[in-house]
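Here's the structure, in structure tokens; my notes come after.
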Protein chains: 2
Amino acid sequence: MDTAQLDQDASSLSLAATLADRIGEAIATGIYAPGSKLDEVELADRYGVSRTPVREALIQLGAAGFITMRPRRGASVAQISALRLVEMFDVMAELEAFCARLAARRSSPEELAQLRLTHLACEEAVKVNDPEVYYLRNESFHHMLYKLSHNDFLEEQALALSRRLRPYRRLQLRVRSRVLSSFSEHGEVVDAICAGSEDQAALAIRSHVTVQGERFADLMTSMIGKTQAEV
Amino acid sequence: MDTAQLDQDASSLSLAATLADRIGEAIATGIYAPGSKLDEVELADRYGVSRTPVREALIQLGAAGFITMRPRRGASVAQISALRLVEMFDVMAELEAFCARLAARRSSPEELAQLRLTHLACEEAVKVNDPEVYYLRNESFHHMLYKLSHNDFLEEQALALSRRLRPYRRLQLRVRSRVLSSFSEHGEVVDAICAGSEDQAALAIRSHVTVQGERFADLMTSMIGKTQAEV
DNA sequence: TAGTTAAATATTGTATACATATTTAATCCT
DNA sequence: AGGATTAAATATGTATACAATATTTAACTA
């Protein structure tokens with residue numbers, strides 16, 4: 001019948017691919033602490049596979065920047081210094097600023113309505129006062145922004161970097177006041193985009209994402225506060 | 001004696017790593033045409049190794065975006081559509097604009113002098129009228145810009161994306177007039193950065209990198225003009 | 001002859017085995 | 001005893017072997 005049988009089956013994915021996901025998730029969650037060594041045989045029998053798919057997964061994670069690989073001396077969870085973290089957030093801010101600019105320029109009324117919806121979802125999370133829920137809704141909001149850029153490549157790049165920064169973003173939202181200010185900053189972004197004000201939208205999201213001043217202090221304290229399994 | 005023997009030895013690199021370089025270079029050079037399938041065993045005995053390091057190299061190249069891998073149906077050289085190419089150049093432009101902005105903000109007089117030197121090197125290439133030399137000097141100029149951002153992560157990201165766009169950049173410079181305008185645009189960027197004019201620097205480099213209008217036409221014609229081994 | 005089905009072939013994914021480098025432990029010497 | 005040297009142990013890198021899935025080819029049916 002349908003000659004083009006789309007292979008959506010998740011179970012058909014290779015072991016290496018699913019392993020990369022699982023290990024990557026474990027790193028993001030903090031199960032494997034930054035700097036800790038990732039032993040191939042240990043991972044292999046932890047996940048019940050041979051070394052081959054483990055190695056392939058590690059190579060993927062290395063390319064994505066989650067782990068660092070040194071020849072002949074194995075892989076270890078990437079250790080991101082405070083300076084580099086700020087650098088990464090700076091780039092993230094610039095990517096999102098570009099997204100916001102394009103969103104303001106290109107979004108249809110329907111798309112703007114969708115954006116407002118995700119913003120409302122964040123508001124609910126604020127009311128419920130659940131940081132974990134807000135974290136998720138916040139993520140959706142930003143992802144929506146990437147999509148509204150109407151630049152698929154940009155969307156992919158933004159998603160990739162946001163994945164890398166995920167654990168640190170979660171840390172920031174541990175602070176109640178940060179959730180509140182985060183939400184209000186979202187509001188400015190939404191307003192600017194809906195008004196078609198490119199520059200204003202770019203500025204708003206840039207200052208929302210950039211880590212500086214007290215934001216930096218918050219991030220640092222929350223990072224050193226939680227050891228290992230948190231950061 | 002020196003306990004910390006730094007392992008700079010290139011020969012000590014793994015086969016997989018060097019393979020990724022070689023295959024990646026072959027893709028960039030156009031030896032493997034976009035869309036063409038990369039057979040593991042063929043690559044293996046072409047390079048005189050087993051399938052294992054070949055697979056690892058392919059995974060790396062896949063993560064970097066040079067090839068696309070579909071489960072159970074192998075790897076093929078990434079086929080970049082015209083639309084996606086424009087998208088990628090748009091992001092490249094934005095990254096470089098950020099670099100230029102930071103360069104204008106942070107560069108020391110010595111660094112500015114270095115920037116002018118690389119610009120002068122481009123001028124020589126223009127005079128000699130050798131597109132291939134200009135291509136190389138141009139690359140150095142942009143790399144210098146990345147470095148002057150004083151943001152190592154940004155520099156890495158910009159380098160990675162510029163590597164992906166390399167073959168297309170080379171194509172653009174096939175057109176003599178493009179070399180001339182490229183050089184004069186560089187001049188504007190240098191002037192703005194040396195003057196500390198962030199906005200102007202960002203604007204100049206952005207319009208320099210972005211593919212639009214006749215630039216787009218040039219790129220497209222040069223792409224369809226050269227079949228296979230060129231693009 | 002066109003279309004469908006089934007067998008054969010080829011290719012990818014994974015496991016195991018081997019080679020080589022690195023780390024750790026033990027030994028030796030001053 | 002302390003540091004350096006050497007040897008054993010451990011881990012990574014590569015090759016080969018096997019398993020599972022796609023693709024191709026051939027046979028068959030309507």
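Below, chains carry the letters A, B, ... as their sequence lines are ordered, and counting in each starts from 1.
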Next on the checklist: Without decimals, in angstroms, what is the distance between A:E40 CD and C:dA21 P?
Outcome noted: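 Taking atom P of C:dA21 as the reference, CD of A:E40 is at 17 Å.
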Item to check | Euclidean distance, atom CG of residue A:D45 to atom P of D:dA11 [Å, nearest integer] | outcome: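 Roughly 11 Å, once rounded to whole Å.
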Next on the checklist: Ignoring hydrogens and geometry beyond distance, is the side chain of B:R51 in donor-acceptor contact with the base of C:dG13 at under 3.5 Å?
Outcome noted: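 Yes.
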Next on the checklist: I'd like to know if A:R72 reaches the base of C:dT22 with its side chain, counting only an N/O donor and acceptor under 3.5 Å.
Outcome noted: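 Between C:dT22 and A:R72, which were checked side chain against base, a qualifying N/O pair under 3.5 Å is absent.
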Item to check | Spacing of CD1 belonging to A:I205 relative to SG belonging to A:C99, to within rounding of 0.5 Å | outcome: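 These two atoms lie 8.5 Å from each other.
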Below the 4.0 Å mark, does [N] have OP1 or OP2 next to a side-chain nitrogen or oxygen of [X]?
| X | N | value |
| --- | --- | --- |
| A:S50 | C:dA15 | yes |
| B:R55 | C:dG13 | yes |
| A:K37 | D:dT12 | yes |

Check ion pair [X]-[Y] (N to O, under 4.0 angstrom):
| X | Y | value |
| --- | --- | --- |
| A:E139 | A:R163 | no |
| A:E132 | A:R174 | no |
| B:R101 | B:E94 | no |

Next on the checklist: The side chain of B:D39 is closest to which nucleotide in this list: D:dA11, C:dA15, C:dT11?
Outcome noted: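 It is C:dT11.
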